Each structure stands twice: as structure tokens, then as C-alpha cells.
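Since the structure comes first, as C-alpha cells, the remarks are kept for the end.
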Amino acid sequence: MKLTQHFLTQNDCYQAGRTIVPRGIMVHSTGVAQPDVEVFLKSWDRPGVNACVHAFVHTGGAVQTLPWDRRRRCRRRYDDRHGARTVDH
């Protein structure tokens, strides 16, 4: 699997700079039939977006969007312990 980086530097989660000590990963679906990861990268890399994941897994590989030790903000109880990887359909 090819891993590339595209940090969402304008996203509120990246800008907040809060860190975590990763203790696991959580893998989940985006919940929408959107096969193009670029759509997520463009729509989430802007100020005012209060959600992020550490990576998107897609047909061609994976794109890391936050440093592994950066806290994401998905409003779930795993925020401080687990990195999130989202699978595109």
C-alpha cells in the first residue's frame, strides 16, 4: 500500500496543535459513496472545519492528513487515544 501525506494544515484540528499518545486505531467508513479522496482533502482543508481523521484509505493506497500524534476532533470518546483511518467507498 502506498502512503502519501497531505496534511490538512488549514483544518481546525491541525491548527489547534493538541497532541495524543496513540494507543490504537479506529477504522470506519465515510458513510457516503465518494470514491475520490481529493473531494475530502479539498473540503476539509479550510478553517472552520472541526472534524478530521489521521488518514483516508482508498483504492490507490492511503493519504495521511494529520501527524499520527495530533489530536483529531470527531467528538467521540476515542479522540484522545486512537488515530482514525477512514475508508472511502
Side-chain angles (χ1 to χ4, degrees):
M1 175 181 293
K2 181 179 177 184
L3 175 66
T4 58
Q5 287 184 339
H6 180 110
F7 289 157
L8 303 178
T9 58
Q10 300 302 309
N11 184 286
D12 289 355
C13 301
Y14 187 95
Q15 291 289 320
R18 294 180 64 189
T19 59
I20 62 170
V21 176
R23 297 187 180 120
I25 65 170
M26 177 178 58
V27 178
H28 59 87
S29 169
T30 59
V32 297
Q34 177 51 263
D36 187 359
V37 71
E38 290 295 324
V39 171
F40 290 103
L41 298 178
K42 289 177 184 174
S43 64
W44 286 22
D45 195 15
R46 57 188 169 89
V49 178
N50 192 19
C52 199
V53 294
H54 289 93
F56 286 96
V57 178
H58 57 94
T59 303
V63 179
Q64 181 182 356
T65 55
L66 287 176
W68 301 127
D69 66 346
R70 186 69 51 100
R71 187 181 191 274
R72 63 190 175 84
R73 252 189 264 176
C74 292
R75 296 191 180 111
R76 298 188 193 228
R77 63 183 174 173
Y78 301 108
D79 281 355
D80 292 327
R81 300 182 308 227
H82 294 74
R85 279 66 168 180
T86 299
V87 179
D88 291 339
H89 297 268

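Please read these numbers as outputs of a predicted model, since none were measured by experiment.
The nearest pair of heavy atoms linking Asp45 to Thr9 is OD1-N, 3.1 Å. Residues Asn50 and Cys13 share a closest heavy-atom pair of C-SG, 4.3 Å. Taking each heavy atom of Leu8 and Cys52 in turn, the nearest pair found is CD1-SG, 3.6 Å. Between Gln64 and Leu3, the shortest heavy-atom contact is N-CD1, 3.9 Å. The heavy-atom pair separating Pro67 from Tyr14 by the smallest distance is CD-CE1, 3.9 Å. Residues Leu66 and Arg71 share a closest heavy-atom pair of CD1-O, 4.3 Å.
The distance from atom NE2 of His58 to atom CD of Glu38, rounded to the nearest 0.5 Å, is 8.5 Å. Separating the NE2 atom in His54 from the OG1 atom in Thr65 is a distance of 7.5 Å, to the nearest 0.5 Å. The CG atom of Asp69 lies 13.0 Å from the CZ atom of Arg18; values are rounded to the nearest 0.5 Å.
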Stepwise side chain to side chain contact (heavy atoms under 4.5 Å, CB included) check, Asp12 with Val49: CA-CA 6 Å; Asp12 289 355; Val49 178; 5.7 Å; no

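The aromatic rings of Phe40 and Phe56 lie parallel to each other, their planes meeting at an angle below 30°, with 60° marking the opposite boundary.
Distance alone, capped at 3.5 Å, is enough to place a donor-acceptor pair between the Asn11 side chain and the Ala51 backbone.
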